[in-house]
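Sequence lines set the chain letters: A, B, ... in the order given, protein chains first and strands last, and positions in each chain run from 1.
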Amino acid sequence: MIGRSSLTIRKASRLLEKQLITCEELVSYCNHLAVAGEEIWGLAAYSHIVSRANLLDLAQESDGRRKHGETLSILDGIPVSIKENIAVRDVSLTAGSRILGRGMKDHPPCGYDADVVRKLLRESGAIMMGTTTMDEFGMGSLGMNMPTTPAKNPLPYMRNLTPNDLTSLSDDEVDLFFAKLIKSSQDEILEIHSKAFDESLPVHSTGGSSSGSAVSVTHGSALLSLGTDTGGSVRLPAAWCGIVGLKPSYGVLSRHGIVSYASSFDTVGVLAPSVECASIALDILGERDEAGSRDSTASQLQFQLKDFDEKQAAASERPLEGVKVGIPASLSIEECPDEIREAWMKAANFLSQRGATVMELSTDELSVDLVQLSLATYYILVSAEASSNLSRYDGFRYGVAATRDDASSESFHLDATDLERQYAATRTEGFGIEVSRRVLCGASVLSSDRFHSHYEAAAKLRAALASQMHSSLKEKVDVLLYPTALSAPPRIDQGEIDSTETFANDVMTVPASLAGLPAISIPVAPKDDGRFPLALQLVGYRHGEATILNAARVLQDMSP
Amino acid sequence: MIWRTNSARVNLSSLKRRCFSWSVDPSSGVVSSKNKGSPRFQTVIGLEVHAQLDIATKLFSGTPLPKTSTLYQTPNTSVWPFDVGVPGVLPRVSQEAVQAAVLSAAATKCQIPSMSRFERKHYFYADLPLGYQVTQQRWPLARDGVLVCQRELKKKRKKKGEVGESFVTRIERIQLEQDTGKTINATRNGITESLVDFNRAGCALIEIVFYPDLRSASDAAVAVETLRTLLKHIGTCNGKMEEGSLRCDLNVSVAPIEDGDKTDDVGDDDELLHSAGNRVEVKNLNSIRQVQQAAQYEAVRQVNALMAGNPTAQETRTFDVTSGETVVIRSKEGAKDYRFMPEPDLPPVSIDEDTFDGQNLESFLETALPELPQDARDRLQRDYDISAYLAGVITGDPPAIQMFDTAVEEAQGQLSEEPERVIKQVPEATANLLCNGLFALVREDDVKIKETLGEDNSVKFSGVNGKHLGGIIALMLEGSISNTMAKQLLKILHEEKTEMTVRQVADENGFKLITDPDELTRICRDVIDDSPEEMERYKLGEKFAQKITKVLMGKAMGKSRGNAHPERLNETLLEVLEEVVPADD
C-alpha cells in the first residue's frame with residue numbers, strides 16, 4: 001500500500017538507475033508474485049500471464065537501452081498490467097466475456113494495440129505482465145460477473161505477510177531493502193505466500209469492474225495498471241483494494257482499442273500504488289498525437305500536468321494555499337457510516353491545515369434531487385448504450401457462436417427466422433446474466449414507447465447534473481471532496497448477491513461519470529489495522545487533472 | 001417464409017381478376033375506369049432516394065474504395081476493422097463525405113444548418129455488422145430543398161426546339177448515413193446458404209427524402225432521372241442505378257378526386273393529401289423503368305383494393321421485376337422499432353472551416369460547386385444563341401460545357417480578322433461539331449472506358465480539348481479546310497494526344513483546301529482538256545451547259561482529291577469555261 005513500504009514507479013526506476021537491480025530481476029520478481037497470487041492465493045487477477053521467456057526478452061531489451069542511456073521514458077522496464085477490455089495486439093481481447101472467447105484456450109489474439117497500450121508499452125517501454133480480469137464488459141461493481149471464478153481481495157492475505165517496517169531506515173537503506181526483496185528467488189516468494197495463505201479467511205470483493213487491475217497493483221505484481229471507468233470501475237476497486245485510482249476527464253485518453261460498454265461514459269483510467277505513479281502515467285498517456293484522433297470523441301486539448309515539485313511541496317507548510325475544496329452537502333447522505341464520515345471530516349481538516357480553503361457546497365448548488373436520481377439516470381443511459389454497443393456480438397464475424405443444435409432449440413419464438421434463432425442462441429450462451437439484463441433493459445428504454453419517458457428523461461437529468469457540477473467547479477471551488485464508497489468490500493463467499501442492491505455501490509462514483517469530470521480515489525487508513533482501508537475521492541473541473549492530483553498528493557500523506 | 005410469399009401472390013392475382021377494368025394514365029396519374037360514373041383517383045407519390053457518394057473512402061472507417069463498384073470486387077476485400085465491427089475500433093467521419101453531402105444539398109437548394117448529428121438505427125441482420133446503422137434522424141445534414149424538373153419530349157420535338165414543361169418537387173431532408181453489406185443466397189444440394197459480402201458495408205450514402213408532391217409515374221421517373229443527372233453533374237454520385245449506386249424507394253397512395261377536377265391542376269394539395277389512403281412504401285427500385293412500373297402498378301392495385309372494400313394498409317412492399325408486381329414485405333404491425341439513439345462515438349457534424357479545409361461554407365461552394373445543368377443550359381442558349389437541344393446535349397456531359405466555352409473563345413480569337421458574319425457562325429458551328437462529331441467519336445469508346453476506368457465516357461477522356469475544337473472551327477470557317485476535313489482532323493486529335501497545334505496537325509496531314517487561283521485554273525483546264533465529249537454538249541448551251549458544268553465541277557473536285565476550296569473552284573471553273581467557250585453576247 002501507499003507509503004515508504006510499497007514499491008512505486010519512481011522507486012523502481014531509481015533502483016534500476018543505480019544498478020541495484022536489473023529489469024530482468026524486476027520483471028522476474030513481479031512474475032513470481034503474479035504466479036504465486038494466482039496459484040497459491042487464488043486471486044484470479046490475471047486472465048493471461050505473459051510467459052517468462054517473453055518477459056525476459058523484453059527485460060533484456062530494456063536493460064540494453066538503459067545501459068546505453070537510451071531509455072524510452074521513466075516507465076521503461078516497469079512492470080504493468082492491462083485490463084482485458086483493452087486491445088493488446090498479441091493477446092485476445094475478451095472484455096471478460098465468453099462471447100469474445102474468455103475462458104477459451106487458444107482464442108486468437110486481437111492483432112492491434114489500443115492507443116493507450118501503444119503509448120505505454122511500445123513507446124514508453126513499460127512491460128506488460130499480463131491482462132487482468134474484470135466484470136463482463138465492465139458491468140459490475142463486485143468483480144463477480146465473470147464466466148470464471150471471481151477475483152479475490154488480496155488484503156486479508158497481505159496482512160499476514162511480515163510487515164516492512166522501514167521507518168527507521170535512511171533512503172539508501174530503503175533502496176537496499178527493496179533491491180534485496182526484488183532479488184528474492186521464486187521459491188522464497190512461493191513460500192512466503194503459502195505461509196500467508198489461510199483458507200479459513202472470509203473472501204471479500206475486490207470491487208469492480210477493474211478487479212484484476214486493482215489486485216495486481218495492491219499485490220505488487222504490477223506497479224501500474226490500465227483500467228477503464230464507466231461509472232466507478234477504476235475508483236471502486238482501487239478504494240476497496242487500498243490503492244490510488246484515477247479516472248481522467250472524459251475524452252482525455254483515447255478510447256481507440258477499448259471494448260465499448262457505454263461510449264459516452266467509458267474512460268481509460270489508471271490504478272497505481274501512489275498518486276505520483278498515477279500522475280506519471282497520465283502525463284505519458286495523455287499526450288496528444290496524430291493517431292489519438294482515431295477516437296473522434298477525444299478532447300482536442302493538449303494535455304499536460306504541471307511539473308509538480310515534490311520536494312518543494314514537502315518543504316512547504318501550506319502546499320494547498322489558494323486551493324478551494326468543496327464538501328457537497330447533497331452527497332452527505334444518511335447511509336454514510338460514521339467511520340467514513342469521520343475520515344471525510346478528518347481529511348477536510350487535513351487539507352485545510354495545509355492551506356486549502358474548505359467550504360460547504362450547498363444543496364442549492366448541487367441539488368439533492370439530482371444526486372438521488374443520478375443512479376437511475378446512470379443505469380438507464382449505460383444500459384441503452386450497452387444494448388447498442390453489444391448488438392454486434394452475434395458470433396458470425398468473431399468470438400464464439402452457438403452450435404446449430406442450440407440454435408434449433410424450441411425455446412425460441414415460433415416466428416423467428418434461422419438467423420434470429422442463431423443470434424439468440426449465441427447471445428444467450430455468450431452473455432452472462434448481468435449483461436443480458438442490461439442489454440434487455442437498454443433495448444426497453446430505447447423502444448419508441450419508453451424513449452421519451454426513460455432515455456430522454458435520463459439524458460436531461462444528466463445534462464442538469466453535469467451543468468450544476470460544472471458551474472460549482474468553475475465558479476465556486478477547485479475540487480470536491482467526498483467518499484469513494486459507502487462501505488467496506490462485502491464478503492462474496494456467502495451465496496447470492498442481489499443485483500440491484502449492488503448498484504448502490506456506485507452511488508458516490510456515478511456523479512463524476514455523468515458529468516465527465518476527473519476524479520481520483522485515495523485510500524485513507526481505517527481506525528484499526530485489521531480492517532479494510534477507507535477511501536475518499538477528489539473530483540475536479542473538466543481537464544482539472546493537475547489540480548486534483550496536487551490535492552491528492554497532499555491527502556495521501558494523511559495515512560503514512 | 002415461402003408460405004407468406006405465396007399467400008401474398010394469391011391475394012394479388014385474385015384482386016387483379018376481379019377489377020381489371022381500372023387503369024392509370026401514366027402522365028397525369030389519374031386512375032379511372034371505363035364504366036360510366038365510376039369515381040376517379042389521383043396518384044400521390046413521394047420519393048426516397050439513396051445515393052452512394054462517389055468518394056475515395058468509406059464513411060467512417062477510412063477504407064479506400066476502388067474506382068469500380070464494390071460489386072465487381074472479390075467479396076470481403078474492401079473491408080477494414082470498423083466495417084465489420086471489430087471491438088474497440090471507433091468511427092471517424094470522412095470530411096470528403098461531408099463535403100460531397102453538402103454539395104448535393106447545395107445543388108438541391110437545401111438549407112444547411114451549421115450542425116447535424118448522427119444517430120443509431122438498430123436492427124439485427126446478417127449484413128449489418130454493428131447491429132445498427134449510423135444515420136441521421138432528428139438533426140439531418142440539410143432540409144427544405146427543391147428539385148426543378150422538366151418533362152421529357154420526343155426527340156423530334158426537342159430538335160425542333162420545343163421545351164418540356166417544368167415542375168418542382170420539394171425535398172424534405174438530406175441525411176448522411178452508412179450503407180449495409182450484401183447478403184447473397186445460394187442454393188446448393190437443396191440447402192439454401194446465405195453468404196455475406198461486407199465490401200459495401202460502411203460506404204457513404206445520402207438519403208434524399210422528398211415531399212409527396214409528385215402526381216404521376218412519369219413525373220416520378222423524370223424526378224429520379226433529374227436527380228441522377230444532377231448528382232452526376234456535380235460529381236457526388238456516379239448515378240449508376242444498375243450497380244445500386246442510386247436506389248429509389250417510392251411512397252405511393254391514391255386519393256379520390258371530384259369528377260370536375262382537372263388532372264393537371266390538382267388544386268388544393270392539403271385536401272388531396274388529407275383524403276389520400278394509406279401510404280405504401282415500395283423499396284429498392286433499381287432503374288427508372290422500375291420506378292415508373294412500380295408507381296403505376298401500385299396506383300391501380302390500391303384503387304382495386306379500395307373498390308373491393310379492402311383498402312390497402314400502411315405497409316412495405318418490394319417490386320418483383322419479372323412479374324412487374326409489388327409484393328408485401330411487412331405490414332404496419334410487423335414494423336420494426338428501430339430504437340433510435342444518439343451516436344455516442346461521433347461528435348456532431350459542424351459545417352465550419354474544419355469541414356472545408358479552412359474555407360467557410362460560402363467560399364467552399366463557390367469553388368467546389370460547378371455550374372448546375374439547368375443554369376448551364378440557360379446560359380448556353382442565352383449567351384451563344386444555340387438551340388435548347390444542343391445546349392441540353394452539351395450539359396449532359398459536364399466537362400463538355402467548359403470545352404465548349406473554351407472552343408468558342410479560341411475560334412473567335414483566331415477569326416478576329418474575319419468579317420462579323422463569319423465570327424457570328426462560331427457558336428452554332430462549334431456546338432454542331434461537338435455534338436455530332438466529338439460525341440459520336442466518344443461514344444465509340446464507351447465500352448472500353450467503362451471496362452478500364454469504370455466510368456461513363458465523357459469528352460474528358462478524348463485527346464481533343466477546347467483549344468483544339470476551337471482551332472478546327474477557325475480553320476473551317478476561314479475556309480482553310482472542308483467539313484469533311486474538320487471531322488477527319490477531329491478524329492486524329494481524338495485518338496492521339498499531341499503537343500502540336502491544330503494548324504500543324506492539319507498541315508502534316510495535308511488538310512488544306514486549294515485556294516491558289518493558278519492551281520485551280522490548271523485543274524480546271526486539265527479537266528476541260530480531258531473532256532472533249534462533254535465540251536461538245538456544253539456548247540449546246542442552256543440546260544446542257546448547266547448540267548455539264550456540274551459534271552465538270554465534280555471531275556475537278558475529284559482531280560483535287562477533294563482538297564479544292566469548293567466555292568473558289570466553282571468560280572474558277574466558270575471563268576475558265578467562259579474563256580474557252582465565250583458566251584454569246
Side-chain angles (χ1 to χ4, degrees), chain A residues 85-87 93-95 97 100 110-114 137 251 254-260 262-266 293-298 381 384-385 387-394 396-399 415 417-420 422-424 427 442-451 455-456 459, chain B residues 1 3-4 60-62 76 79-94 118-134 137-138 181 183 185 191-196 198 201 334-349 354:
Chain A
N85 62 345
I86 304 177
L93 179 60
T94 67
S97 182
L100 284 174
C110 72
Y112 79 103
D113 282 331
F137 285 109
S254 165
R255 288 189 294 120
H256 172 75
I258 311 304
V259 178
S260 295
S263 309
S264 74
F265 293 83
D266 292 345
S293 58
R294 277 185 290 192
D295 173 1
S296 317
T297 57
L381 295 176
E385 290 187 26
S387 79
S388 175
N389 282 329
L390 271 54
S391 300
R392 68 185 64 188
Y393 304 114
D394 54 31
F396 273 86
R397 293 170 306 284
Y398 41 74
D415 280 351
T417 62
D418 283 351
L419 186 71
E420 287 162 351
Q422 179 71 29
Y423 281 175
R427 290 164 69 84
S444 163
V445 298
L446 286 176
S447 66
S448 51
D449 50 345
R450 289 200 181 82
F451 181 81
Y455 180 86
E456 218 170 35
Chain B
M1 198 62 197
W3 176 81
R4 274 189 223 159
F60 295 124
S61 60
N76 297 313
V79 174
W80 277 15
F82 180 76
D83 303 328
V84 284
V86 166
V89 183
L90 298 169
R92 204 168 108 194
V93 70
S94 145
F118 288 109
E119 295 198 57
R120 293 180 179 180
K121 175 182 181 178
H122 298 89
Y123 62 93
F124 287 101
Y125 200 63
D127 59 21
L128 187 73
L130 298 168
Y132 55 81
Q133 178 196 29
V134 181
Q137 176 74 2
R138 286 181 286 176
T183 311
N185 292 314
I191 296 170
T192 302
E193 283 184 329
S194 296
L195 302 171
V196 186
F198 290 111
K336 289 173 181 165
D337 186 341
Y338 290 118
R339 291 176 281 121
F340 279 98
M341 182 186 95
E343 166 57 89
D345 283 333
L346 288 162
V349 181
D354 289 342

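Every residue was checked against the ring pair (Phe, Tyr, Trp, His ring centres under 6.0 Å) condition with A/Y398, not counting sequence neighbours, and none meets it. A/F451 meets the ring pair (Phe, Tyr, Trp, His ring centres under 6.0 Å) test with A/Y455; sequence neighbours excluded.
Neither the backbone nor the side chain of A/F265 comes within contact range of chain B, judged by heavy atoms closer than 4.5 Å. Of the two parts of B/F198, only the side chain, counted from C-beta on, holds a non-hydrogen atom closer than 4.5 Å to a non-hydrogen atom of chain A. Of the atoms belonging to B/P81, not a single heavy atom falls under 4.5 Å from chain A. Contacts between A/N389 and chain B at a heavy-atom distance below 4.5 Å involve backbone atoms as well as side-chain atoms.
Using a cutoff of 4.0 Å between basic side-chain nitrogens and carboxylate oxygens, B/R138 and A/E456 are scored as salt-bridged. We find that B/D345 and A/R255 are joined by a salt bridge, their nearest charged nitrogen and carboxylate oxygen being less than 4.0 Å apart.
Across A/H256 and B/L90, no two heavy atoms sit closer than the pair N-CD1, 3.7 Å. Here the closest heavy-atom approach between residue B/A126 and residue A/L419 is recorded as N-CD2, 3.5 Å. Listed here is the closest heavy atom pair of A/L100 and B/P87: CD2-CG, 4.2 Å.
B/D337 places a side-chain N or O within donor-acceptor distance of the main-chain N or O of A/S448, the cut-off being under 3.5 Å. Under the 3.5 Å distance criterion, the side-chain polar atoms of A/R397 are matched with a main-chain donor or acceptor of B/V84. Not one N or O on the side chain of B/R339 forms a donor-acceptor pair closer than 3.5 Å with the backbone of A/A443. Put simply, the side chain of A/S296 gets close to the backbone of B/P91: a donor and an acceptor are under 3.5 Å apart.
A distance of 12.0 Å separates CZ of B/F124 from OG1 of A/T417, quoted to the nearest 0.5 Å. A distance of 5.0 Å separates CE in B/M341 from CD in A/E385, rounded to the nearest 0.5 Å. In this structure, B/T192 OG1 and A/D418 CG are separated by 10.0 Å, a value rounded to the nearest 0.5 Å.
A/S388 and B/R120 are linked by a side-chain donor-acceptor pair at a separation below 3.5 angstrom, with hydrogens and angles left out of the test. Of the N and O atoms on the side chains of A/S391 and B/H122, not one donor lies less than 3.5 Å from an acceptor on the other residue.
A 6.0 Å sphere centred on OH of A/Y112 holds more than 12 heavy atoms belonging to other residues, nucleotides or ligands.
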- Item | Candidate pair B/V196 and A/F396, rule side-chain contact (heavy atoms from CB on, under 4.5 Å), full reasoning | CA-CA 10 Å; B/V196 186; A/F396 273 86; over 6 Å; no

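For the set B/G85, B/S194, B/G62, B/G131, the count of heavy-atom pairs under 4.5 angstrom toward chain A peaks at B/G85. Of all the listed residues (A/D449, A/V445, A/I258, A/L390), the one sharing the greatest number of non-hydrogen pairs under 4.5 Å with chain B is A/I258.
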